[in-house]
> 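Structure incoming, see below.
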Amino acid sequence: MLSLNYIREHQQEVTDRLAIKNFDGTGIIGRIVSLDDQRRETQKRLDDLQAQSNLLAKEIGVLFQSGKAAEANQLKEKTAEIKSASKEIDAAFEAIKKELDELLVRVPNLPHSTVPAGKTPAENVVMLQEGAIVPVAPDAVPHWDLTTKYDLIDFITGNKITGAGFPLYKGKGARLQRALINFFLEEALKEGYNEVQPPYMVNAASAYATGQLPDKDAQMYHVGLDDLYLIPTAEVPVTNIYRDTILKVQDLPVKNVAYSACFRREAGSYGKDVRGLNRLHQFDKVEIVQIASAEKSYEVLEEMLAYVTGLLRKLELPFRVLKLCGGDMSFTSALTYDMEVWSSAQARWLEVSSVSNFETFQSNRMKLRCKDENGKMHIPHTLNGSALALPRIVAALLENNQTPDGINIPKVLVPYTGFDVIN
RNA sequence: GGAGAGAUGGCAGAGCGGUCGAUUGCGGCGGUCUUGAAAACCGUUGACCCGCAAGGGUCCGGGGGUUCGAAUCCCUCUCUCUCCGCCA
């Protein structure tokens, strides 16, 4: 979330920048500032009463100990008055704080100054496009036919076991998944990331901290009996490692990588978007997460971007990099790059990665801070990116590499798959 | 799932109704000594909120209660440990 002080001191700027994200902040920002004014004033009154009461309690203690019970009892009456007065003010104080918190967590992050305005994905800016988009043979088929032809993925049985969006990977399909996960993890290790295996369910506090709650609660699966959420991405548990912690500034940047299954309800999706592997309720992803100093975070973002595009090159996939426009950015992000690969048989771009800088938005929510050599506190920036999400990579690999004799596996993956062709 | 014990500062660990934000040890930081280091010795060392400051307030797992006053008493939740049961 945004810091209250920043909102107070830059009301107009905040409202203007939120507008780039298509968020109308005119009402809510004013309300937040006025609530904060009330909060400060109420707290002052409460603190003063409390100070009086503390003083009296001490006096009473001294009187009792020196045997002056009558005087002590006289003072007690005074404290009763203070008590009932502070009770009322305290109730008001709590109500103010509650409303303030509820509003504050609903304000999106501010977009970086370079974020282009725009309302729809069509207004995202193409930063880079690489790899030849070679037209495939006229008889090329989309991946959902290839997975059936080579018995790689059984959507029907997945449907029976669970429902739509929960595919069953089989044989070389399953092995290809495992190979990709290993490849992505090994590459991240070479890049200096520390591997972690996080829980796949998180509590509400964690989901709030990274910004999935309260904004996107309908996107997550919720386990009602235990009040836990299935993770929509490893970002949630991995970033929450650092919730309520104080890092040393010299330990930055912190670089973690995690493989996890991801679960998303994807309510409202339909049509060609959900065909085959294009959009699933359960999918696999390797996620990189960094915590960096405010000064370095945009360098780190570029470095993460370069790392992800490097993976796509190694997989020999044509790709492009988009800088998201305000309207297409997530609630939490200050700047996001999306990576898309070309899916030849569908003749469309598929998003396979999204790398973002959240600046202090998540750090503020989760009370993540770092201390410098002089003991001064700073708020570090959090960043993350998919490196990479599997299903659409698989879709593109299958479609782009299909030949009449089978599907060729990129050289770099062969040590991981143990086979170089699917036929 | 059953029985018991516990949750205090970076860590260990006192405190069990009043001057305790908290003894002490370790660790960290600064210094003395030393050619340098170690050892020894001295000092220092939590976070948050309001305030220009002085200062005030809050925090001893979370929430609630008793009391003039709670780290200390009561209730409740969560978590941890030990034993038993079950089990990948």
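All values below come from the heavy atoms of this structure, side chains included, with hydrogens, waters and symmetry mates left out. Within every chain, numbering begins at 1; the chains are lettered A, B, ... in the order of the sequence lines, protein sequences first and strands thereafter.
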> Nearest whole Å is fine: how far is B:C68 C1' from A:K87 NZ?
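Result: 15 Å.
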> I want to verify a distance call: between B:C49, B:C48, B:C68, whose nearest atom is closest to the A:T79 side chain?
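In terms of side-chain proximity for A:T79, the closest of B:C49, B:C48, B:C68 is B:C68.
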> Can you tell me, in whole Å, how much space there is between the C1' of B:G13 and that of B:A71?
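Pairwise C1' distance, B:G13 against B:A71, rounds to 14 Å.
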> With C1' as the reference atom in both, quote the distance from B:C49 to B:C41 in angstrom, rounded to an integer.
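Each nucleotide's C1' atom is 40 Å from the other's.
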> Are A:K83 and B:G69 close enough that a side-chain N or O sits under 4.0 Å from OP1 or OP2?
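For B:G69, OP1 or OP2 has a side-chain N or O of A:K83 closer than 4.0 Å.
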> Taking only distance into account, with no hydrogens and no angle test, what donor-acceptor pairs under 3.5 Å do side-chain atoms of residues 107-119 of chain A form with protein atoms, sequence neighbours excluded?
unit_1: A:N109; atom_1: ND2; unit_2: A:T332; atom_2: O; d: 2.9
unit_1: A:N109; atom_1: ND2; unit_2: A:F358; atom_2: O; d: 3.1
unit_1: A:H112; atom_1: ND1; unit_2: A:T114; atom_2: N; d: 3.2
unit_1: A:H112; atom_1: ND1; unit_2: A:T114; atom_2: OG1; d: 2.8
unit_1: A:T114; atom_1: OG1; unit_2: A:K323; atom_2: NZ; d: 3.1
unit_1: A:K119; atom_1: NZ; unit_2: A:N22; atom_2: OD1; d: 3.2

> Any chance you could list the contact pattern along nucleotides 55-64 of chain B? Use B for base contacts, S for sugar-phosphate-only contacts and - for none, protein heavy atoms under 4.0 Å, 5' to 3'.
-BSS------
> Nucleotide by nucleotide, 5' to 3', does protein get under 4.0 Å of the base (B), only the sugar-phosphate (S), or neither (-) in nucleotides 16-22 of chain B, counting heavy atoms?
--B----
> Checking base pairs now: Watson-Crick or wobble, both atom distances under 3.5 Å. What partners B:G17?
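Partner of B:G17: none found under 3.5 Å.
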> In whole Å, what is the span from the CG atom of A:L4 to the C1' atom of B:C50?
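Going from CG in A:L4 over to C1' in B:C50 covers 13 Å.
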> What's A:K371 touching, base or sugar-phosphate or nothing? Going by heavy atoms closer than 4.0 Å.
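Counting heavy atoms under 4.0 Å across all strands, the contact made by A:K371 is with sugar-phosphate only.
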> For B:A37 and B:G31, measure between their P atoms and round to the nearest Å.
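Those two atoms are separated by 11 Å.
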> Given the ring of A:F419, does A:K172 sit roughly above its face, with NZ or CZ under 6.0 Å from the centre of the six-membered ring and within 45° of the axis?
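Here A:K172 passes the 6.0 Å and 45° test against A:F419.
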> Taking all non-hydrogen atoms of both residues, which atom of A:V257 and which atom of A:A188 are closest, and how far apart?
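That would be CG2-CB, 3.7 Å.
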> Once you apply the 3.5 Å cut-off to both distances, tell me the Watson-Crick or G-U wobble partner of B:A5, or none.
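Its partner is B:U80 (Watson-Crick or G-U wobble, both distances under 3.5 Å).
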> Which atoms form the tightest heavy-atom contact between A:V105 and A:F331, and what is the distance?
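That closest heavy-atom pairing would be O-CZ, 3.2 Å.
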> Starting at the 5' end of RNA chain B, which residue's closest nucleotide do you reach first, A:D36 or A:S53?
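Nearer the 5' end of the strand: A:D36.
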> Can you check the distance between B:A70 and B:C60, where both ends of the measurement are the C1' atom (answer in whole Å)?
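Those two atoms are separated by 11 Å.
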> Is there a Watson-Crick or G-U wobble partner for B:A40 with both distances under 3.5 Å, and if so, which one is it?
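Its partner is B:U32 (Watson-Crick or G-U wobble, both distances under 3.5 Å).
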> Let's test this: given Watson-Crick or G-U wobble pairing with both distances under 3.5 Å, identify the partner of B:C48.
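For B:C48, the partner nucleotide comes out as B:G57, under the 3.5 Å rule.
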> Got a sec, which residues hit side-chain hydrogen bond (donor to acceptor under 3.5 Å, both in side chains) with A:Y208, two or more places apart in sequence or on another chain?
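Residues passing side-chain hydrogen bond (donor to acceptor under 3.5 Å, both in side chains) with A:Y208: none at all.
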> Between B:U72 and B:G4, how far apart are the two P atoms, rounded to whole Å?
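Rounded to whole Å, the distance is 23 Å.
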> Going by purine N1 to pyrimidine N3 plus the second Watson-Crick contact, or the G-U wobble pair, all under 3.5 Å, which nucleotide sits opposite B:C11?
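When the pairing criteria are applied, B:G25 turns out to be the nucleotide that pairs with B:C11.
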> With nearest nucleotide decided by heavy atoms, which residue, A:R369 or A:R40, maps closer to the 5′ end of RNA chain B?
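It is A:R369, whose closest nucleotide lies nearer the 5' terminus.
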> Can you confirm whether the side chains of A:D145 and A:Y150 place a donor and an acceptor under 3.5 Å from each other?
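No pair is found: no donor N or O on one side chain lies under 3.5 Å from an acceptor on the other.
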> Taking only the C1' atom of each, what is the distance from B:U67 to B:G62 in whole angstrom?
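Looking at atom C1' only, B:U67 and B:G62 are 22 Å apart.
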> Provide the distance between the two P atoms, one in B:A47 and one in B:A22, to the nearest whole Å.
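Per the computed distance, 14 Å lies between those P atoms.
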> Not counting sequence neighbours, list each pair that qualifies as a salt bridge (Lys or Arg N to Asp or Glu O under 4.0 Å) and has a residue in residues 181-207 of chain A.
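Applying salt bridge (Lys or Arg N to Asp or Glu O under 4.0 Å) to every pair that reaches into residues 181-207 of chain A, excluding sequence neighbours, yields A:E187-A:K190, A:E187-A:K314.
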> Would you measure the distance from the C1' atom in B:U24 across to the matching atom in B:U35 and give it in whole Å?
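It comes out at 37 Å once rounded to the nearest Å.
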> Could I get the full list of side-chain hydrogen bond (donor to acceptor under 3.5 Å, both in side chains) partners for A:D226, not counting sequence neighbours?
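Listed in chain order: nothing, the list is empty.
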> Would the distance check show the side chain of A:R392 and the main-chain N or O of A:N278 forming a donor-acceptor pair, the cut-off being under 3.5 Å?
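Judged by distance alone, yes, a pair lies under 3.5 Å.
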> How long is the straight-line distance from CZ of A:F93 back to CD1 of A:I89, given to the nearest 0.5 Å?
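The distance works out to 11.0 Å.
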